Amino acid sequence: MSNPHASVWDAISDTPADAEIMKAKSAIMIAIRKHIQSKGWTQKEAATAFGVTQPRISDLTKGKIDKFRVDTLMSMAAAAGLHVEVRVLETA
């Protein structure tokens with residue numbers, strides 16, 4: 001049986017807008033986690049680089065998506081020298 005949802009976020013979100021926000025947050029969080037891993041940083045080192053506290057990095061690495069806003073994640077990415085690119089496409 002095929003899944004009628006394009007992603008898990010589409011399946012569990014109340015509205016299409018909520019799903020899009022969750023997709024954006026998830027993508028940025030994954031990129032930040034990969035960046036932290038590629039640098040070999042501890043959570044404390046990552047916190048310093050991102051200008052946040054170590055518990056915030058812990059929340060991020062544990063995937064606590066509900067604790068972050070898109071703009072917060074974009075700021076963290078920029079602080080670490082990452083570039084976030086946004087694409088807007090029409091839905092089918």
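Here the structure is a predicted model, which is why all the values come from computation and not from measurement.
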Give a yes or no on whether the backbone of V70 and the side-chain of K25 come within a donor-acceptor separation of less than 3.5 Å.
no
Using the side-chain hydrogen bond (donor to acceptor under 3.5 Å, both in side chains) rule, collect all pairs that involve residues 69-81, keeping only residues at least two apart or in two chains.
R69-D71
What one should report as the nearest heavy-atom pair of A79 and F50 is CB-O, 3.9 Å
Who pairs with K64 by side-chain contact (heavy atoms from CB on, under 4.5 Å), at least two apart in sequence or on another chain?
D59, K62, D66, K67
Taking all heavy atoms of M29 and all of L60, pick out the closest pair and write down the distance.
CE-O, 3.7 Å
Within the side chain of S38, is there an N or O that forms a donor-acceptor pair under 3.5 Å with the backbone of H35?
yes
When rounded to the nearest 0.5 Å, the distance separating CD1 of I65 from CD1 of I21 is 10.5 Å
List the residues meeting side-chain contact (heavy atoms from CB on, under 4.5 Å) with T61, not counting sequence neighbours, and say none if there are none.
R33, Q43, I57
Heavy-atom pair of closest approach, residues I28 and A77:
CG2-CB, 4.5 Å
When rounded to the nearest 0.5 angstrom, what is the spacing between CD1 in I36 and NZ in K34?
13.0 Å
Could you give all pairs that pass the salt bridge (charged side-chain N to carboxylate O under 4.0 Å, His left out) test and reach residues 36-49, with sequence neighbours left out?
none
